[in-house]
Amino acid sequence: MMKILNLGLGLMMAASLFSCNNGSDKNKNSGNGALSSNAAEQVYVAPGEHDDYYAFISGGYSGNLLVYGLPSGRMFKEIPVFSQFPTSGYGYSEETKPMLNTSHGFIPWGDAHHPDISQTDGVIDGRWVFINENNTPRIARIDLETFETVEVIEVPNSAGNHSSSFVTENTEYVVAGTRFSVPIPQQDISIKEYKGKFKGTLSFIKVDEDSGNMEIKFQLMMPGFNYDLSHPGRGQSHGWFFFTTYNTEEANSLLEVNASQNDKDFIAAVNWKKIEEYVNNGGGEMMPAEYAHNLYDHNTHTATSTMKKEVLMVNPTEVPGAVYFMPTPKSPHGVDVSPDGQYIIGNGKLSANLTVHSFPKMLEAIKNEKFDGEAYGIPILDFEEILAGVVEQAGLGPLHSEFDDKGNAYTTFFISSEVVKWKLDTWEVVDRKPTYYSPGHLTIPGGNSRDPDGKYMFVMNKITKDRYLPVGPELEHSAQLYDISGDKMELISDFPTHGEPHYAAAIKADKVAPKSKKFYKLAENTHPYAAKNEGETKVVRDGNIVHVYMTTIRSHFSPDNIEGIKVGDKVYFHITNLEQDFDVPHGFAMIGQNNSELLIMPGQTKTSVWEPTKVGVWPFYCTDFCSALHQEMQGYIRVSPKDSDIELDWSLGDDAEE
């Protein structure tokens with residue numbers, strides 16, 4: 001116990017000393033890249049020119065996904081995913097509210113961690129981005145034609161969906177592993193009964209190869225460890241998935257001490273192809289599980305939410321050869337697989353070394369039953385039999401690794417605040433550079449695939465301190481861009497990121513930009529309340545429910561004057577943007593509306609609800625500057641007392657209808 005406490009104090013002191021020297025370290029190392037003479041030229045993108053890469057950076061506790069350009073570091077878009085977003089009305093409009101539905105009810109926020117881009121033959125293809133939600137376990141799919149969230153599936157029997165959302169090399173599956181083990185099924189038992197009674201699940205979510213639609217194919221019932229990060233096998237290891245674990249002690253209190261007792265925890269190696277075959281032949285057991293599956297339709301511009309009631313659960317001990325534990329020092333966080341699938345790198349947070357496992361040696365050890373016991377019926381492979389090599393004393397606090405196209409790996413070190421470059425096969429450290437400060441993940445375009453790019457790498461740092469002008473006690477986090485095209489890394493830029501970015505995925509722009517949608521075709525709009533021309537606009541009353549079929553076009557609403565609305569009515573504004581031109585959205589905002597404004601894309605229909613509480617004449621207007629006469633794009637609604645006998649009346653200009 002005392003040794004563990006001393007180790008923890010030592011690590012905290014090292015981190016504290018490094019932080020205290022932030023300013024002097026920055027100045028001392030400025031000549032290594034950040035202020036070098038050509039750094040500005042390398043990241044400069046001239047007006048009217050485009051970046052070479054898209055970077056999709058998790059928004060952390062914002063619940064969203066951020067789109068940046070590289071090398072400029074400019075933010076292009078914030079894509080709402082798990083959180084309400086007033087900028088566009090996501091999660092406020094009637095069409096998108098279902099996207100935030102869960103078995104716990106409507107959840108207006110999320111904690112987004114790890115985006116991953118769909119792949120074909122192990123190469124990122126730019127169709128979809130998947131991202132996990134940690135707090136209320138969910139996986140979302142973003143369509144890169146529209147850069148909109150089109151699907152969210154809740155993950156049952158899970159708590160803390162952290163080791164996701166990584167995809168297999170043909171996007172057959174996206175995975176979701178639970179960070180916090182819990183009773184399964186949930187029940188009222190003492191937390192002190194954790195050991196043996198709490199379980200973790202690893203969920204394999206099938207992805208339709210054409211539509212991208214997701215469904216939970218099966219879940220694995222695993223021992224009650226914490227399942228932290230994961231990555232798929234590729235190439236020779238395709239068909240396997242690897243998950244780090246910590247807290248193999250199964251402690252339930254003071255984990256910074258009690259979950260750091262064992263010299264080694266595990267990487268769980270899962271043969272998903274073997275389990276898939278077992279399931280396809282009738283294996284596994286259906287068990288009750290309530291979870292939401294939310295889908296957005298681009299033609300109706302509307303999301304639907306379906307509550308599912310069961311899931312297929314697999315006990316890995318009933319599938320021989322399905323799961324093995326690979327011992328890995330110590331409290332491993334990241335697990336990363338080399339582009340050829342040969343090496344599995346385990347980054348133990350409390351280890352000074354990087355452990356590299358060999359996939360061929362793993363198969364040989366399995367064949368020859370080179371085991372070192374078992375855990376809950378799952379074989380533990382002999383550490384020495386599967387070891388490929390060790391990167392000795394590479395730094396303090398190793399977390400995550402990615403790869404270039406030249407046989408190099410790059411690893412972040414949280415405590416010593418650096419990125420270390422080392423050679424696969426020889427395990428030799430060939431370069432190291434400071435990063436400011438306390439890095440978590442790093443990203444190389446394609447670095448989580450069979451075809452990594454060797455031009456840029458960027459690091460997402462947890463501590464910003466003196467990188468930007470102060471804005472109070474909290475700063476945005478810092479991402480730093482390195483040129484890795486030469487023998488030595490060169491820090492060439494840093495830029496702020498929103499929320500707490502965790503992981504990011506990056507792809508060449510020419511794989512995505514040509515497919516980007518410019519507008520929605522009105523002819524394909526099948527929204528039930530769409531008005532596809534001004535002649536279809538109308539106002540309809542059904543008791544105290546009023547439906548307004550409204551259109552927008554530069555620079556007016558139709559109708560723009562409405563009378564006969566009463567206090568206590570529930571008014572649905574169904575607004576269709578008639579524009580058929582790129583980048584001409586229109587906004588809609590109603591005074592006193594207690595949800596959000598809307599931003600309606602060209603050809604799209606969105607719905608907003610207003611429940612007037614005060615008598616008067618109330619304006620509405622366009623919130624998005626759309627033309628020289630944008631200020632004139634407004635209208636009025638007359639609200640009369642509840643017992644008024646004023647009939648509905650609406651107009652555009654001098655023409656009125658009833």
Write down the atom of F147, the atom of K77, and the distance for their closest heavy-atom approach. O-CE, 3.5 Å
Do D228 and H333 meet the criterion of a side-chain donor-acceptor pair at a distance under 3.5 Å? yes
Can you tell me how far the OG atom of S58 sits from the CG atom of L66, to the nearest 0.5 Å? 7.5 Å
State, yes or no, whether a side-chain contact exists between T435 and T412 at a heavy-atom distance under 4.5 Å. no
Output, in order, the C-alpha distance, side-chain angles, deciding distance and verdict of side chain to side chain donor-acceptor pair (under 3.5 Å) for Y410 and D404. CA-CA 8 Å; Y410 301 75; D404 66 16; 2.7 Å; yes
Is D121 close to N170 at the side-chain level, that is, under 4.5 Å between some pair of heavy atoms? yes
Distance to the ring centre below 6.0 angstrom and angle to the axis at most 45 degrees; does that hold for K508 and Y54? no
Between P115 and Y503, what is the shortest heavy-atom contact and its length? O-CD2, 3.2 Å
Ring pair (Phe, Tyr, Trp, His ring centres under 6.0 Å) partner of H441, the single match among H477, H502, H400: H400
What about H527 and H301, are their ring centers closer than 6.0 Å? no
Distance, nearest 0.5 Å, that separates CD of E276 from NZ of K273: 8.0 Å
For K606 and S88, indicate whether the former's side chain and the latter's backbone hold a donor-acceptor pair under 3.5 Å. yes
So, the side chain of S237 versus the backbone of R234: is there a donor-acceptor pair under 3.5 Å, distance only? yes
I492 side, atom CD1; D483 side, atom CG - distance, nearest 0.5 Å: 5.0 Å
Within 45 degrees of the ring normal and closer than 6.0 Å to the centroid, is that where the cationic atom of K349 sits relative to Y246? yes
For F519 and V584, what are the C-alpha separation, side-chain angles and deciding distance, and is it a side-chain contact (heavy atoms from CB on, under 4.5 Å)? CA-CA 9 Å; F519 56 85; V584 190; over 6 Å; no
Going by distance alone, is a donor N or O of one side chain under 3.5 Å from an acceptor N or O of the other, for S103 and E154? yes
Measuring only between side-chain heavy atoms, which start at C-beta, is N408 closer than 4.5 Å to W422? no
Give a yes or no on this: more than 12 heavy atoms of other residues, nucleotides or ligands lie within 6.0 Å of atom NZ of K406. yes
When the ring planes of F225 and F266 are compared, do they come out parallel, tilted or perpendicular, using 30° and 60° as the limits? tilted
Going through the distances and angles, do Y343 and D425 end up as a side chain to side chain donor-acceptor pair (under 3.5 Å)? CA-CA 9 Å; Y343 299 117; D425 295 327; 2.3 Å; yes
Side chains of N280 and K217 only: does a donor on one sit below 3.5 Å from an acceptor on the other? yes
Measure the shortest side-chain to side-chain distance between P156 and I216 over non-hydrogen atoms and say whether it is less than 4.5 angstrom. yes
Within a strict 4.5 Å, meaning less than it, do heavy atoms of the R450 and E169 side chains meet? yes
Just jot down the salt bridge (Lys or Arg N to Asp or Glu O under 4.0 Å) partners of E290, sequence neighbours excluded, or say none. K309
Is there a donor-acceptor contact under 3.5 Å from the side chain of S83 to the main chain of S62? yes
Side chain to side chain donor-acceptor pair (under 3.5 Å) for Q119 and S449? Distances and angles first, verdict last. CA-CA 8 Å; Q119 298 185 11; S449 75; 5.3 Å; no
Under 3.5 Å, side chain of S164 to main-chain N/O of F166, donor-acceptor pair present? no
For side-chain contact (heavy atoms from CB on, under 4.5 Å), just list the numbers for D143 and K517, CA-CA rounded to whole Å, side-chain angles, deciding distance to a tenth of an Å, and then say yes or no. CA-CA 10 Å; D143 185 341; K517 184 180 282 291; over 6 Å; no
For the backbone of V43 and the side chain of S493, can you confirm whether one donor and one acceptor N or O come within less than 3.5 Å of each other? no
Indicate whether the side chain of S158 and that of N161 have a donor and an acceptor atom separated by less than 3.5 Å. no
Has the side chain of D494 got a donor or acceptor atom that lies under 3.5 Å from a matching backbone atom of S478? no
Nearest atoms (heavy-atom pairs only) where G346 meets T328: CA-CG2, 4.0 Å
To the nearest 0.5 Å, what is the distance between CD1 on I507 and CD1 on I124? 4.0 Å
From CA spacing to verdict: side-chain contact (heavy atoms from CB on, under 4.5 Å), E133, D111: CA-CA 5 Å; E133 203 277 285; D111 183 19; 3.7 Å; yes
Smallest separation among heavy atoms of S165 and I139, with atom names: CB-CD1, 3.5 Å
Return the orientation label for the Y456 and Y53 ring planes: parallel under 30°, perpendicular over 60°, tilted otherwise. perpendicular
So, does K462 use its side chain to make a donor-acceptor pair with the main chain of P501 at under 3.5 Å? yes
For P316 and M222, which heavy atoms make the closest approach, and how far apart are they? CG-SD, 4.0 Å
Which heavy atom in G603 sits nearest to a heavy atom in L522, and how many Å separate them? CA-CD2, 4.0 Å
Side chain to side chain donor-acceptor pair (under 3.5 Å) evaluation trace for T605 with N525: CA-CA 8 Å; T605 301; N525 184 335; 3.0 Å; yes
In this structure, are over 12 heavy atoms from other groups packed under 6.0 Å from D208 atom CG? yes
Separation of T149 OG1 from L65 CG (nearest 0.5 Å): 7.5 Å
Side chain proximity check, V175 to S163, heavy atoms < 4.5 angstrom: no
Count the heavy atoms belonging to other residues, nucleotides or ligands that lie under 6.0 Å from CD of Q236, then report whether that count exceeds 12. yes
Can you tell me if S72 and D51 form a side-chain donor-acceptor pair at under 3.5 Å? yes
Please assess F241 against T168 for the test side-chain contact (heavy atoms from CB on, under 4.5 Å), listing each intermediate value before the final yes or no. CA-CA 8 Å; F241 227 104; T168 54; 3.8 Å; yes
Would you say the side chains of D297 and T302 form a donor-acceptor pair under 3.5 Å? no
Give me the ring orientation class for F242 and F359: parallel if the planes are under 30° apart, tilted from 30 to 60°, perpendicular past 60°. perpendicular
Between E428 and K423 (side chain of the first, backbone of the second, donor and acceptor by atom type, cut-off under 3.5 Å), is there such a pair? no
What about the rings of Y296 and H298, do their centers lie closer together than 6.0 Å? yes
Hey, can you tell me if F130 and W128 have their rings parallel, tilted or perpendicular (30° and 60° cut-offs)? perpendicular
Check whether N299 reaches the backbone of T526 with its side chain - one donor and one acceptor, N or O, closer than 3.5 Å. no
When rounded to the nearest 0.5 Å, the distance separating CD1 of I267 from NE2 of H231 is 12.0 Å
Under-4.0 Å salt bridge between D125 and R127: yes
Below 4.5 Å, heavy atoms only, C-beta onward: do H162 and L229 meet side chain to side chain? yes
Are Y61 and N135 close enough that some pair of their side-chain heavy atoms sits under 4.5 Å apart? no
